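Model, not experiment: these values are computed from the prediction. Sequence lines set the chain letters: A, B, ... in the order given, protein chains first and strands last, and positions in each chain run from 1. Hydrogens, waters and symmetry mates are skipped; everything else that's a heavy atom, side chains included, is used.
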Number of protein chains: 2
Amino acid sequence: MAAAKSAQSEAGPRKRRPRDSLSRAVILAAAEQIALRDGLEGLTFGALGTELQAHSTSIYRHFRDKDELVLELIDALRAKSYGDQLVSTGDWREDLRLIATAIHEHYLRYPGFAQQMAARTTRRPTEFHNVEFALDAMRRAGLEDEDATLCVRVFGNHVRAVSAMEASLRMLDDEARTMDELAWTVEYRQLSAEEFPNISRTSDKLLTVGDPRLFSEGVEMFLDSIELRAKRAKAARRKRS
Amino acid sequence: MAAAKSAQSEAGPRKRRPRDSLSRAVILAAAEQIALRDGLEGLTFGALGTELQAHSTSIYRHFRDKDELVLELIDALRAKSYGDQLVSTGDWREDLRLIATAIHEHYLRYPGFAQQMAARTTRRPTEFHNVEFALDAMRRAGLEDEDATLCVRVFGNHVRAVSAMEASLRMLDDEARTMDELAWTVEYRQLSAEEFPNISRTSDKLLTVGDPRLFSEGVEMFLDSIELRAKRAKAARRKRS
DNA sequence: TACCTATAGTCAATGTCGTTGACTTCATGG
DNA sequence: CCATGAAGTCAACGACATTGACTATAGGTA
């Protein structure tokens, strides 16, 4: 109730931040701290202000709006997380597993950003590098350029979309998640055998939603499918010549 | 400036809604109208109040909070959209295409709900029916129960996740979407051929993010992969006996 | 050195949300 | 015919992003 006007914990006439002590880099670092600690929903201008010991609206001197800040943050996190890990092993299957795993783990590390990371194109070095890396693996698998560009997109969409969905599962409140998981181990076993014969027969084998095997098996199925396409292309080439 | 206190467009002392004229069903119908017209972001309690000609907070007499309302709405839309369309053709590939297409189209029809529809388990008849339908197709494809349950999940996750991602693309403001699409037709063609040889070579063949071929090709790749698994299982059975 | 000015940080205010608690109305049934 | 409580209303709250007016200050210029 004394003199302290704003939410400064200690007394004293809260001082103004020194000039030029804020910058995009400083703000992004603070944003990363908050995102790691509280998730994306905790990343508000208010929280940023507290973290920076600055007024929340000072951020508008450096970013046009929150969207611009979030996009920059996504790119920074991506570069830091797997920007330097993508080194070819020489084995195309292993390389595609590598990039899929890197993206999957990255999304699960920042589940609050997963949705935006999956859907948007950042057109930044990290993204270019990913595409180049995957295209090269596809070529070594034996795909023609047409198939390679198609498969890069289909495979990339799969990896990003499924990772984002898994991530969004982890963002649910405990109550909702528990209910959802329970459904697959309880409710599906109680369905009538006449109406749902296949579910009844296999109900003890049904996987729960977040089962870790799902992602890796999905990747393997794509790899098989790519190999099949390469064989077909090879056969077509032989026939033509 | 006259007597009208609230935002009623016409004069007159806005009347109270007759007792018991609201119900979950009435509110859900209004919510669907708004969702169709303005998308999920337009579905606010304020908008619901206007649509119903009722006070926004009256809704709390029928739904605990907004989340409960949204989940109910998702289920209603799903049942209406493809609850009765899933009739087997006898051809397992065609059946899996059928359910994939139904889900894909449904998600694109309600892009604002796609994220929530993809991630959450509703454990309602429509969902049970989908699983049963897909399991049956897998069995007819020749998969053992272990593989069938796995593939149902992997395939289902793929379809829902990719559809949700495509849907979320359509939710971006025009500005962001235009920029993102332009990237694939312009910026990727300007990358240096030394640093990104594969991109340079294939840049005229790169598909744009929302290309309709991507979804159907992804489905076909999965179908090929499922067929391959079935063949392997058959071979293993023959060997064993 | 003393002043100017562009810029960075601050602050108060606005508008949009979801949600709450205190009201008012009114159909029912004792 | 009044008491009860459920259904609709309303004002207010707190969180949020964003805006425009302000104020202090670093760096250049006279």
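Nucleotide D:dC10 holds its C1' atom 14 Å from the OH atom of B:Tyr60, rounded to whole Å. What separates CG of B:Leu40 from P of C:dC17 is a distance of 13 Å, to the nearest Å. Atom CG of A:Leu69 is separated from atom P of D:dC16 by 15 Å (rounded to the nearest Å). Nucleotide C:dG18 holds its P atom 17 Å from the CD atom of A:Glu41, rounded to whole Å. Between A:Glu68 atom CD and D:dA17 atom P the separation is 15 Å, expressed in whole Å. As a whole-Å value, the separation of A:Ile59 CD1 from C:dT10 P is 10 Å. If you take CG of A:Leu43 and C1' of D:dA17, they are 12 Å apart, rounded to a whole angstrom. The separation between B:Ile27 atom CD1 and D:dG8 atom P is 8 Å, rounded to whole Å.
For B:Ser58, taking side-chain heavy atoms from C-beta onward, the closest of the listed nucleotides D:dA17, D:dG8, D:dC10 is D:dG8. Considering only side-chain atoms of A:Arg61, the nucleotide from D:dA7, C:dT10, D:dT18 that sits closest is C:dT10. Set against D:dT9, C:dT10, C:dT20, the side chain of A:His55 has C:dT10 as its closest nucleotide. For B:Lys66, the listed nucleotide lying nearest its side chain is C:dG18; candidates were D:dT18, C:dG18, D:dA7. Closest to the side chain of B:Leu22, from the set D:dG8, C:dG9, C:dA8, is D:dG8.
Judged by distance alone with a 3.5 Å cut-off, no donor-acceptor contact links the side chain of A:Arg17 to the base of C:dG9.
Two rings, from A:His158 and B:Phe222, have their centers less than 6.0 Å apart. The aromatic ring centres of B:Phe45 and B:Tyr60 sit less than 6.0 Å apart. Here B:Tyr107 and B:Phe113 keep their ring centres 6.0 angstrom or further from each other.
A:Thr57 comes within 4.0 angstrom of a base, heavy atoms only. Within 4.0 Å of B:Ser56, counting heavy atoms only, lies no atom of the nucleic acid at all. As judged by a 4.0 angstrom heavy-atom cut-off over every strand, B:Thr44 is placed among residues touching the sugar-phosphate backbone only.
Position along DNA chain C of the nearest nucleotide to B:Asp20 versus B:Phe45 favours B:Phe45 as the more 5'-ward residue. Annotation: of the two residues near DNA chain D, A:Asp65 and B:Pro18, the 5′-most nearest-nucleotide partner is B:Pro18.
Checked by atom type, the side-chain pair B:Tyr188/A:Glu127 shows a donor-acceptor distance below 3.5 Å.
In this pair, B:Tyr82 and B:His106 present their aromatic rings perpendicular. The plane angle is above 60°, beyond the 30 to 60° band.
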